[in-house]
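Every heavy atom of this structure was used, including side-chain atoms; hydrogens, water molecules and symmetry mates were not. To find a chain, count down the sequence lines: A is the first, B the second, and so on, and within it residues start at 1.
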Amino acid sequence: SAAGKYTIGISNTVQGNGWREEMVCAMKAQALASGEVTKLNIAHRNTDAAGQLEDIRNLISAKVDAIVVNPADPAGIKAGLEEATKAGIVVVAVDQAVTEPSAYIISNNQEQYAYLGAKWLFGQMGGKGEVFYMRGAAGASADSDRDKGFKKALAEFPDVKVAQEVFTGWQQDQAKQQMLSFLATGTPINGIWTSGIDNVIVDALVESQAPLVPVVGADNAGFVGQLSSVKGLVGAAVTNPGSIGGAGVTLALQILDGKKPAQQTVLVDPQLWDNATDEGKAKLKAAADPSLSPEWPVSISIPDWTTYTKEQIVACKGPGE
Amino acid sequence: MTTSPLLDATGVAKNYGAVAALRNASLSVLPGEVHALMGANGAGKSTLVKILTGAISANAGRILIRGEARDIRSPAAARRAGLLPVYQEPSLIPDLDVLSNLRLTGTPVEPFRAWVRELGIADLDLRDSARDIPLAVLRVLDLARALAVEPDVLLLDEMTAALPANLAEKVLEVVRRQGDAGRAVIFISHRFVEIAALCDRATVLRDGETVGVVDIVPGVEEEIVELMLGTRIEKAKVAARSVSEKAASAPARPRITVKNLRVGIKLSDVSFDLADGEVAGVVALEGQGQDELFAALAGSIRPSGGTIEVDGQAVKFSHPIDAIRSGIAYVPGDRSEALAMQRSVRENIALPFSAALRNWGPIHMRKERATVQSAIQRLQIDTRAQGEVQRLSGGNQQKVTIARWIAADARTILCFDPTRGIDVGTKQEIYKLLRELAGHGKSVLFYTSELEEVQRVCDRVIVIFGGRLVDIFRVEEADESALMRAAYGLPRGAKADIGILADPQSPSSGTTP
Amino acid sequence: MNHFLRRQGWVSGLFALLIVLFIVTKLIQPGYGSGDFGSLARAVLPYAFAVAAQTVVVIAGGIDLSVAAMMALTSVTAASMMAGASEEYALFVVPFVLAMGFVLGALNGLLIVVTRVPDIVVTLAMLFVLQGAALLVLGAPGGAAAEWLKAMISGTVPIPGLPDAIDAWLPKALLVLIVCLCVIWVPLRRSRLGLSIYAIGSSELAAFRSGVPVARTRIIAYALSGLFAAMGGLALTMSTGIGAPIPGPYLLASVAAVVLGGVALGGGKGGLLGPIVAVFVLRLVRTDLTLLAIDPNVTAIIEGLIMVAVVMFGAFITMRGRQ
Amino acid sequence: MSTSAITPVPLGRRLKRFMADRPLVPLIILLVILVVILQILRPGIVNERWIANTIKFAIPLAILAGCQTMTMLTGGIDLSVGTVATMSAFIMATQIVSQDPAVAFLLAMMPAVLIGLVNGIGVGVFRVHPLIMTLGTSLIGTGCLQVYQRTVIASGAKIPDFLAWLGTGVTYGFPNALLLFVPLAALIVFTLARTGFGRLLYAVGDNERATRLSGVQYWQVITALYVTSSMLAGITGLLYIGLIKAPSLSLAEPLVLPSVAAAVIGGTSIFGGRGGYTGTIIGALILTVLTTLLTILQMPEGARRILFGLIVLFVTAAYLRIVEER
Ligand SMILES: Nc1ncnc2c1ncn2[C@@H]1O[C@H](COP(=O)(O)OP(=O)(O)OP(=O)(O)O)[C@@H](O)[C@H]1O
Ligand SMILES: Nc1ncnc2c1ncn2[C@@H]1O[C@H](COP(=O)(O)OP(=O)(O)OP(=O)(O)O)[C@@H](O)[C@H]1O
Ligand SMILES: [Mg+2]
Ligand SMILES: [Mg+2]
């Protein structure tokens, strides 16, 4: 089936962010590697749920066979997904769940992501002390899911206190300025939890010669590099693979080929790589990839779900390009 | 008989920061009276009108309307109290058509139309945007709009300053009839001839203070001028004398030669020349193509035919910079067109110095200050408020527009009605300046809406009618009636009863339609 | 006259462009039909209200940077009030939210008038305030919308007397848009208040001297803007069934559509029709880009180019006209 | 009768007039008040390190606000500065891996010059409204950057040591970025006050017809202006990447709205003809301190934003109240 037989539509509502760019590249690479896709129809821009509804409806107009969507909001695009299913289109949501029951979901577990990292961090802190809690964008649903996981871990460690909670907006510059301002207050802290804006935080600590407290971040190439290169830094990277996009394409193709999964929802649970244990160090070393853009997650593939090579995802070319 | 005043204001004061625009002004107007409000530039006439009509609020003073104290806080309130102003600047909304402008102010349309016709505008389309209507017509519309609601007191601030003679006459006529009908009119003008023909009494302001109220009788002009100018009187008289002894400069080689110049349908086949050391006047009724002539010479618009030669070389101007490089500078009649109002006097005068790309670098401040200072002194600009040109009085602003080109040492200056709305003292200074420029070998093209100025300043007079040059007078032949006849397109020597306050028949007896 | 013609000319030009785009769309996707047009109308809805909100203040000589934040706040307010509430309760929510938009808009105007701070700064500050308020109302996207509200903009209404084939091309969303805008705009345009709004935008001084209550008119213009923005917020909630506290891309889009629609930034000129047609043009361009499966990284370039090109073309025409 | 003329001016009025003539004084006072509030809320925060950090973050904002100041003087605005700065930063970080630093610098500045030129021609020749023009080029620039980043995903990125030194380094307590900023700011101030070009910016913004009649060619001024503005934005991008050390596709975008706010708070009129750069610098400092202040306050994010908006409004209103005499 080298010619391919399906057209797949993709809808994504954040542009210009390394994680999302990797996700889109993974979708393209997987579509190419599968050999089953003639054409990808990608709507990839910064917009809200209403804008995503517009994109989904445009994709329906374009008569695609399947739509893989990273939802701006789980509930907000229900109507569009329903229409797509009615039009006989296979709908797969990646990264986050959606409330539309007919859609298939293959998602990173955001609550688990936060829980895993926070639990490790609080353990490193000896179960007590002050934590600097650097969240994502206020009002984003992924941020509130992660907050649930963080709060869950916090409840398990009654002696850990949140020294300060800030929203980085997932912006590097904002996060760095917040970190530096906070350091200037001289408030002692015992650990830092970040929602993925991590390497600038380590930078800020190093630059201002502040004590290197444990830091939890995501598996972004920059931070993973720092975990093995910055002396005295104890930290952990929690995987949050952008390659989930590729997995979404795989799932969509399986369904189109008549291989329905057992459940509607597949959760990809995160892993934690810390540099405090030898096992973790080995994983970090294996994952580190200085050639990648520092904002890109290093987990560029998901076993069993993606079949492309590193060259293919880096080339970021879909079928027909 | 002693009637009680319709409007009585006393002790009015208004400060703008450190400067007192009005200190202690008073004004009392009787029913049936046309009352002149006079004063040199910056005396505070417009300010008083604005206060009386609620456009600005006074710092002190008492205003009685029909004997009752009224607190007028907005133009709308003034309107309700029967006071209707026509301000010095047009007040129609530029982007609305005339009809909408009338609706906005609640002005009845039919009386408005009647007044517009009465005032000599025959072909007004009420659907035209105010922006597309020429200034002079806008002024008349402003007046018609005020008349249409039959106000008790009409306040006209330099209503006639921007009007050509034919329209000005109509206005004067109508205003006179308002007075005769028992209403009151407050009339501001710098033209004595209008005051004499129209007004019953005059209140004179000087430096924001009422310095006298006089009855208008023949020969009262001297007294008013004395009141207006105070100590400045001597200077003005000297200026007047020096102008009268004008030098009949020897005809030199032509500086500028215009041949068969044509601009669209507005100007056709105009040819004349302008010599060094000469002041050539241009006389025309409103909208006869003089604007286009000046704009073409200034490089603001491209002529559609004919040639312009400077010093014998044919030139093509595509931007004013080209004209300026040929030594031709343009002083527009509307100051707001020429000045950066929020900038200082100095920056405004020095503006042309920085225009060219190669002069964008550091400014030689000392040299600039010297040049600017000498220009300021030469024109005797009152620089008390020189930080921002908008704080200067109108007359001083006008001087700045000319000073710029004195400082830049332009060889030819195109002056478009430079004495519009300027007091007699300042006018004299400008006449003197233009003559002096000619004396230094510069050439000046001078359009004026006031015919009497022609004899004071010009060596020759070019008359334009219907876009064509109809006559060129030597100054000796250019008496007002001859010019007026020519301006109406009547051939030389024809007898027609034309003059201020006469009733000119339709000017269409001329050559072109 | 000539001015009037020029403005109508621009709107007709936009209409022509829109029709060309429809033809192009039909060529790209021969199956493009009434259902797809319905989708377009629904996509247009929030943008159209945002642009209406912006148009009113721009005509009045101002600018409103808080449009998108106002939409977010009204949207989350509506969604959180309707969450878990009965269907009938929404009958109360809708007027409440509209009134809220109107009042907050009036507050914008009031602050501009009272503090004399330039409108761009006041509305920028209000952008933060309204955003903050939206976050306080709902920390994350959520809430709900009454079913009848959601139904109001999906599908078509059978209009008696019209054949179904034509009915199908009159999606409810379009009718809602037309009704909401016309109910406010048409009487406004004809009223003295409408004239006053144009007047203060064209020349504040002249308007004041003509007896227009400048401050009151400005406050009302901003209040109307708030009202339109609240409609936009409701439209968001109606189409997504939730409220999201992060403002969508409606601010810049509204400014762009206002200018594309022939309303001069600076005030006094233009109408509402042009900007609304411009919104349709921009949305249809987006549809075509998706239908064509254009590389998504290139679509931003194309949208930018179209915006610049159209406005440059307009400027070029006016320049030619002037000569 | 003539009461107001002679009575001695009360102290309050005199003070007001003093401040009105020196608009910088009230601005600096407002800045100091904010710093004092910060010190009260978190005693000890105002130390050498905090000051250095504040200056470091205020500088890029101040330069971009300089772009806004200059364009606003002519009645324009430059919304493309965020995109331009991001482009230069991103191109620098990715090209330095394979290119000579000088070549990388030239490549990084190229889009800046190009976008400035397009803005200038659009605004100056075609008379497109600056807001729309710069918004459009900013969209186009973002798109181009997206396309570009795909070609360099695998090439990695690096922050040149020199830029990192300039962006984050501190010498004797002074941020190294001042080495770039002080001369740049002095140049801008000098240009606005003492050069023909600066004069023309004010004059064009005040009354374009008047400048035309004085021989000024509008398109030249505007084109030069927007190219200058864009190049300043490009330089800011390079400085900013040295400060943040993380190339991203939206690096400087969050600075755009604050840059406009800083210029306006600093007393520049968006209608043209009025303002200056020194006020803008203080405006940028005020905004930076305000951001810190809000970061360290313990309150919900929503309340923080509300407070930010209210303070910006209050500061601007208070400043206008003091400076304007009516
Ligand atoms: N806002 C102001 N700030 C400072 N000085 C001012 C201000 N307004 C007016 N002045 C000064 O007050 C004086 C009177 O000016 P005013 O405008 O009353 O003159 P005018 O009667 O209008 O004269 P003109 O006939 O020349 O227009 C002028 O010298 C002017 O410099
Ligand atoms: N808005 C204003 N701000 C500052 N000063 C003003 C303002 N309006 C008027 N002035 C000043 O007040 C003074 C009085 O001006 P006004 O216009 O009343 O003079 P005028 O007698 O009408 O002169 P002219 O004959 O030139 O029209 C002038 O010096 C003028 O500059
Ligand atoms: Mg006056
Ligand atoms: Mg005056």
Heavy atoms under 4.5 Å from chain C: which residues of residues 96-104 of chain B carry them? B:Leu96, B:Ser100, B:Arg103, B:Leu104

Is there any residue in residues 71-85 of chain B with a non-hydrogen atom under 4.5 Å from a non-hydrogen atom of chain C, and which ones are they? B:Pro75, B:Ala76, B:Arg79

Test item: C:Ser210 side-chain N/O and B:Ser91 main-chain N/O as donor-acceptor pair under 3.5 Å: yes

Heavy-atom closest pair (B:Asp95 atom, C:Gly267 atom, distance to 0.1 Å) is OD2-O, 3.9 Å

Heavy-atom contact with chain C under 4.5 Å, split by part of B:Leu92: backbone

Working to the nearest 0.5 Å, report the span between CD1 of B:Ile93 and OH of C:Tyr198. 13.5 Å

Between CD on residue B:Glu89 and CZ on residue C:Arg209, distance to nearest 0.5 Å: 5.0 Å

